[in-house]
Amino acid sequence: MTSFPWQAGTATGVGSYPGEDPAEALRIVLGELPDLPHLPELPARGPGADLAGRTAGLLVEMPVHLEPSGWRFSDRPGRDTQRSRDHLARDLDVLEELAGGHDGPFKIQVCGPWTLAASIELRHGDRALKDPGAVRDLTASLAEGVAAHVADVQRRLPAVQIVLQLDEPSLPAALAGTVPTASGFSRLRAIEEPIAEEALRTVIDATDAYPVVHCCARNVPYNLLRGAGAKALSIDLRLVPRRDDDAVGEAIDAGIALLLGAVPATDAALPPLKATAEPVRDLWRRFGFPPKQLAEQVVITPTCGMAGASPRHVRAALKRSRETARMLHEAAE
């Protein structure tokens, strides 16, 4: 029987939240998601707090700076790289202060190598994704930086089991060859699946953390992510078409956990609790797995990050995620 870091009937968040106060955001997370809290990301703080900039600050010997077109590699660290590192350092200090005694699983998020390569430009302006050598260098640097980051979090939270989420929203586009060039007038060549899998595996294998890959886009490459070593997949429940049933069913059968986005991540009227849970049950029924297994193998989340939501909706969505997970668990007992 596959064991998971969390207990049955657990909910968590995806990553981002509105606002600029890391202490306030973390208190909400710890209060609403006690079984699997995570480190909030606050992109409203500006450059260096966004998905790509935040992770770029972890890169080893690959500094970045901000251009009007976005992040670009630099010859030497400057104020933009330092800003990214300062945001994360403050977040980790707050984490140690507020969650230092937490003794369950705890999730942290970083940008995966393919989304990072699709987001950062080379010195001459093309996206790093265009240059296989640059992608290899970025992947090695990211693996080293993520390993150091995980070790830092583990030192600050000595009793937790770290769950490491790699955010890869751009991976399906990279595989399909639909990532635009820096100019926007063309598209970069498609990445071959074995190469994509190898890069992801390099980052996953760099730590002992429990690996999750988050992909809130369509056409999630389930088999590739499993092959790279992901033990859990974080996906938007609305974007799981029946044509993916074989791949999803095989993943579940292999013991891969699902972090299912079942609650709106942006302001919306929430349906009744049973209506939130029913699509999760429907998905599970399609595969014929036991209901008890659902509560153990599925974690309920909002559909994606919540940076665009109001603070009121954030609390309501996290509460609904927790209530949905608990309801599914109690129904299976």
Side-chain angles (χ1 to χ4, degrees), residues 10-55 87-88 90-91 94-95 98-99 106-112 115 119 163 165-170 212-218 220 233-240 258-280 298-328:
T10 288
T12 193
V14 173
S16 64
Y17 290 89
E20 301 180 25
D21 185 343
E24 179 184 10
L26 184 56
R27 288 190 187 99
I28 292 171
V29 167
L30 292 170
E32 298 292 345
L33 303 169
D35 296 326
L36 182 52
H38 66 99
L39 185 63
E41 300 165 351
L42 304 175
R45 289 182 292 183
D50 59 294
L51 177 63
R54 183 179 178 88
T55 300
H87 282 313
L88 184 57
R90 184 184 176 202
D91 291 351
V94 168
L95 175 65
L98 298 182
F106 191 92
K107 183 167 72 72
I108 59 177
Q109 305 84 220
V110 300
C111 190
T115 297
S119 303
V163 176
Q165 175 180 304
L166 298 179
D167 289 317
E168 281 288 11
S170 296
V212 178
V213 177
H214 169 68
C215 186
C216 56
R218 297 184 184 276
V220 176
L233 306 177
S234 173
I235 55 178
D236 184 339
L237 180 57
R238 302 169 301 174
L239 304 181
V240 185
L258 297 179
L259 278 63
L260 284 183
V263 179
T266 53
D267 288 37
L270 297 180
L273 178 57
K274 288 185 179 180
T276 305
E278 198 55 34
V280 180
V298 170
V299 173
I300 301 300
T301 74
T303 53
C304 201
M306 304 186 73
S310 66
R312 181 178 180 180
H313 181 74
V314 166
R315 288 183 180 273
L318 296 185
K319 181 181 179 183
R320 173 57 58 84
S321 297
R322 189 178 75 249
E323 290 172 341
T324 302
R326 183 182 300 129
M327 178 182 180
L328 292 167

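Since the model is a prediction, treat every value here as computed from it, not as a measurement.
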| query | Any side-chain heavy atom of L233 sitting closer than 4.5 Å to one from L259? | reply | no
| Would you say L95 and L26 make side-chain contact, with heavy atoms under 4.5 Å? | yes
| Does M306 reach the side chain of V14, with side-chain heavy atoms less than 4.5 Å apart? | no
| remark: Contacts of H214 meeting side chain to side chain donor-acceptor pair (under 3.5 Å) (sequence neighbours excluded), chain-then-number -> S234
| field | Residues forming a side-chain contact (heavy atoms from CB on, under 4.5 Å) with A316, sequence neighbours excluded | value | L270
| For the atom pair NZ (K274) and OG1 (T324), what is the distance rounded to the nearest 0.5 Å? | 13.0 Å
| said: I want to check something: taking the side chain as every heavy atom from C-beta on, are V263 and T303 in contact at a cut-off of under 4.5 Å? | reply: no
| note | Scanning both residues in full, the closest heavy-atom pair of P311 with P18 reads N-CG, 4.3 Å
| message | Can a donor-acceptor pair be found, under 3.5 Å and without considering hydrogens, that links the side chain of D167 to the backbone of G112? | response | no
| message | Check whether K107 reaches the backbone of V212 with its side chain - one donor and one acceptor, N or O, closer than 3.5 Å. | response | no
| message | Using a 3.5 Å distance criterion without hydrogens, assess whether the side chain of Q165 forms a donor-acceptor pair with backbone atoms of I108. | response | no
| Would you call R320 and L273 a side-chain contact if the rule is heavy atoms closer than 4.5 Å? | yes
| query | Salt-bridged, D91 to R45, with N to O below 4.0 Å? | reply | yes
| task | Measure the shortest side-chain to side-chain distance between L39 and F106 over non-hydrogen atoms and say whether it is less than 4.5 angstrom. | result | yes
| said: For a quick test of reading the model, state the closest non-hydrogen atom pair linking D267 to A309 and the distance between them. | reply: OD1-CA, 3.3 Å
| field | Close side-chain approach of E323 and K319, heavy atoms under 4.5 Å | value | yes
| Looking only at heavy atoms, which two atoms of P271 and T276 are closest? And how far apart? | CG-OG1, 3.7 Å
| field | Backbone of C111 reached by a side-chain donor or acceptor of T55 within 3.5 Å | value | yes
| message | Tell me which one of V298, L260, I300 satisfies side chain to side chain contact (heavy atoms under 4.5 Å, CB included) with L237. | response | L260
| request: Compare every heavy atom of P43 with every heavy atom of A307, then report the nearest pair and how far apart it is. | output: CB-CG, 3.6 Å
| task | Measure the SG-CD1 distance between C215 and I235 for me, rounded to the nearest 0.5 Å. | result | 9.0 Å
| Could you give the distance from OG1 (T115) to CD (E168), rounded to the nearest 0.5 Å? | 3.5 Å
| query | If you measure from CZ on R322 to OG1 on T10, what distance do you get to the nearest 0.5 Å? | reply | 11.5 Å
| note | Value for NE2 (H313) from OG1 (T266), rounded to nearest 0.5 Å, stands at 6.0 Å
| Would R54 and L88 satisfy side-chain contact (heavy atoms from CB on, under 4.5 Å), going step by step from the backbone distance to the final call? | CA-CA 7 Å; R54 183 179 178 88; L88 184 57; 3.6 Å; yes
| query | In Å and rounded to the nearest 0.5 Å, what is the CD to CG distance from Q109 to L51? | reply | 9.5 Å
| query | Under a 4.5 Å cut-off applied to non-hydrogen side-chain atoms, are S16 and P40 in contact? | reply | no
| task | Please report the closest heavy-atom contact between A317 and P264, naming both atoms and the distance. | result | CB-O, 3.9 Å
| request: Locate the shortest heavy-atom distance separating D21 from L42; write the atom from each residue and the value. | output: C-CD1, 3.5 Å
